[in-house]
Amino acid sequence: MPALTSREQEAQPHEGNVADGHASQNLHPGFQSIIDDLPDTWFRCESARAADVEHQFVDAFANLAQTPSLRRRAKIWITPTASLSIDIVAAALVHRKARVALIVPTFDNLAQLTLRRGGELEPVSDRLLGQVSSRESALELLRPLRCQALFIVNPNNPTGLVFDRVQIQALAEACKSLKMTLIVDRTFRFFVREMYDDYALLEDVGVSHIVIEDTGKTWSTLELKSSLLTASRDWVEIIDHIYSELFLSSSPFKVAVNTQFLAKTAIIGLDSVLWSPVDARRHRLRRMLEPTSIKVASNARDSWLSVEWLDCTETGLDDRACVALGQERGVWMLPGRYFFWNDPEAPGVQHNVRIALLKRESAFATAMQGLAMAFGERRQVHEQLVPAQ
């Protein structure tokens, strides 16, 4: 089955590409000094120790994320991409012969990387996970799965579901009771407006856990991104062993650049750098969609993510046909069925498409125009075919 990433690659050469969720928005004016300073950053990194550069990155990340306990972790690894961090985690899980309950829907490479490593997966619905409110309700959901690990994405891509402090604590306590490892993909962390020290929460509960972070979904740095990977002590030895098979260290230059983006964002503010631009794009998109046959999915209306999960039921077409129709009008989206990694051919999962918001203004405007043309026309056809009730 083609991965969603391969579909994103197909979309890359096109102006109306809103397929991939990587940040590629116009540079915020407050970051211009980072670009101007790139030669000096290069020469500073030539004489710096990689460990010191990585320590500065962790410090800046913890400061912006408001997670001071991150600085006290026993071990932190920095990898070139979140996908490589996930692959390391998948290899560690397979080494431990841990069967994994993986959230669905979610980006399909989490499943594909785990399966390629030889892992076993069990789907668990984000709707059911989102209803967890206590240790007891979490136990009721997780106990029948008979898995050794629970893998969630917070906030979840594509629906935008956020697990709040109460829910994370409930899941952590249930996982501890069931001797499960809680794995949390936090790669969209900075889109959530309510911050707290989730690392401290996990440590206080005493649950076995692994956390994956990333900068690539947030800052437009031409794919110069850094993924932070950390784990409770019971996972440190095997993850460190697998990491050392793959890397000596991350590029100090790239890590230093990402540190500057973190630090500068802390000064400018996440609202100016991220939240307000995403809100503005979402508002523009939703207003444009009002007279069309494509709508915001009901389970994504409160999303804060930099992607929009849309329902194409009223078009009378499935997701792949909607993507093809969009391409004819110059807009490139993702078909939603592949986020349902456990059964993408099930009829009930073929009525969504996903659109990215954090693209350059020219690309976003082209996509908006293409959507209006494609699905405004489609609504007119649909209204002619379906008699009024």
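Here, residue 1 is the first one in the sequence, and each next residue gets the next number.
Put simply, the side chain of Thr67 never gets that close to the backbone of Leu70: no donor and acceptor are under 3.5 Å apart. Thr315 places a side-chain N or O within 3.5 Å of a backbone atom of Cys312 that can act as its donor or acceptor partner. Listed for the Ser24 side chain is no donor-acceptor partner under 3.5 Å among the backbone atoms of Lys359. With hydrogens and angles ignored, the 3.5 Å screen pairs a side-chain donor or acceptor of Asn154 with a backbone N or O of Phe163. Within the 3.5 Å criterion, the main-chain N or O of Leu358 finds no donor-acceptor partner in the side chain of Ser306. Between the side chain of Ser227 and the backbone N or O of Pro80 there is no donor-acceptor pair closer than 3.5 Å.
Screening residues 322-331 for salt bridge (Lys or Arg N to Asp or Glu O under 4.0 Å) gives Arg329-Glu377 as the qualifying pairs, with residues at least two apart or on separate chains. Among residues at least two apart or in separate chains, salt bridge (Lys or Arg N to Asp or Glu O under 4.0 Å) pairs with a member in residues 298-312 are Arg282-Glu308, Arg286-Glu308. Applying the salt bridge (Lys or Arg N to Asp or Glu O under 4.0 Å) rule to pairs touching residues 331-340 yields Asp318-Arg337, Asp319-Arg337, Arg337-Glu345, sequence neighbours excluded. Sequence neighbours left out, the pairs with a member in residues 222-247 that pass salt bridge (Lys or Arg N to Asp or Glu O under 4.0 Å) are Lys75-Asp240, Glu223-Lys225.
With sequence neighbours left out, the salt bridge (Lys or Arg N to Asp or Glu O under 4.0 Å) criterion links Asp59 to Arg71. Every residue two or more places apart in sequence or in another chain that forms a ring pair (Phe, Tyr, Trp, His ring centres under 6.0 Å) with Phe188 is listed here: Phe191. Looking at residues two or more places apart in sequence or on another chain, you find a ring pair (Phe, Tyr, Trp, His ring centres under 6.0 Å) between Phe339 and Phe107, Trp309. With sequence neighbours left out, the ring pair (Phe, Tyr, Trp, His ring centres under 6.0 Å) criterion links His351 to no other residue. By the salt bridge (Lys or Arg N to Asp or Glu O under 4.0 Å) test, Lys217 pairs with Asp214, sequence neighbours left out. Residues that satisfy the ring pair (Phe, Tyr, Trp, His ring centres under 6.0 Å) test with Phe247, not counting sequence neighbours, are Tyr243.
Taking a 4.5 Å side-chain heavy-atom cut-off between Ile, Leu, Val, Met, Phe, Trp and Tyr, the cluster of Val162 extends to Val192, Trp304.
Residues Gln148 and Arg96 fail the side-chain proximity criterion, which asks for heavy atoms closer than 4.5 Å. Two residues are said to be in side-chain contact when any heavy atoms from C-beta on lie closer than 4.5 Å; Leu129 and Leu141 meet this criterion. Proximity of Leu371 to Met333: side-chain heavy atoms (C-beta onward) are separated by under 4.5 Å at one or more points. At a threshold of 4.5 Å between non-hydrogen side-chain atoms, the residues Leu93 and Thr181 do not count as touching.
The ring-ring contact (aromatic ring centres under 6.0 Å, His included) test with Phe61 is passed by exactly one of Phe261, Trp219, Phe190, Tyr199: Phe190.
Within a 6.0 Å sphere centred on NE2 of His28, heavy atoms belonging to other residues, nucleotides or ligands number more than 12.
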*asked:* Go through it in stages, so that I can follow the logic: the residues are Arg193 and Asp279, the test is salt bridge (Lys or Arg N to Asp or Glu O under 4.0 Å), and I'd like the CA-CA distance, side-chain angles, deciding distance and then a yes or no.
replied: CA-CA 12 Å; Arg193 316 295 169 90; Asp279 289 348; 2.8 Å; yes
*asked:* I'd like to know whether Thr5 forms a side-chain hydrogen bond (donor to acceptor under 3.5 Å, both in side chains) with Asn109, so could you lay out the CA-CA distance, the side-chain angles of the two residues, the decisive distance to 0.1 Å, and finally the verdict.
replied: CA-CA 8 Å; Thr5 302; Asn109 75 337; 4.8 Å; no
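If you take OG1 on Thr114 and CZ on Arg99, they are separated by 13.0 Å, rounding to the nearest 0.5 Å.
Checked by atom type, the side-chain pair Trp235/Ser208 shows a donor-acceptor distance below 3.5 Å.
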Sequence neighbours excluded and cut-off under 3.5 Å, please list the side-chain donor-acceptor pairs for residues 169-176, or say none.
{"residue": "Gln169", "atom": "NE2", "partner": "Glu173", "partner atom": "OE2", "Å": "3.0"}
{"residue": "Lys176", "atom": "NZ", "partner": "Val205", "partner atom": "O", "Å": "3.0"}

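Look at Glu361 and Arg284 and you find a salt bridge, because one of the NZ, NE, NH1 or NH2 atoms lies within 4.0 Å of a carboxylate O, short of that distance.
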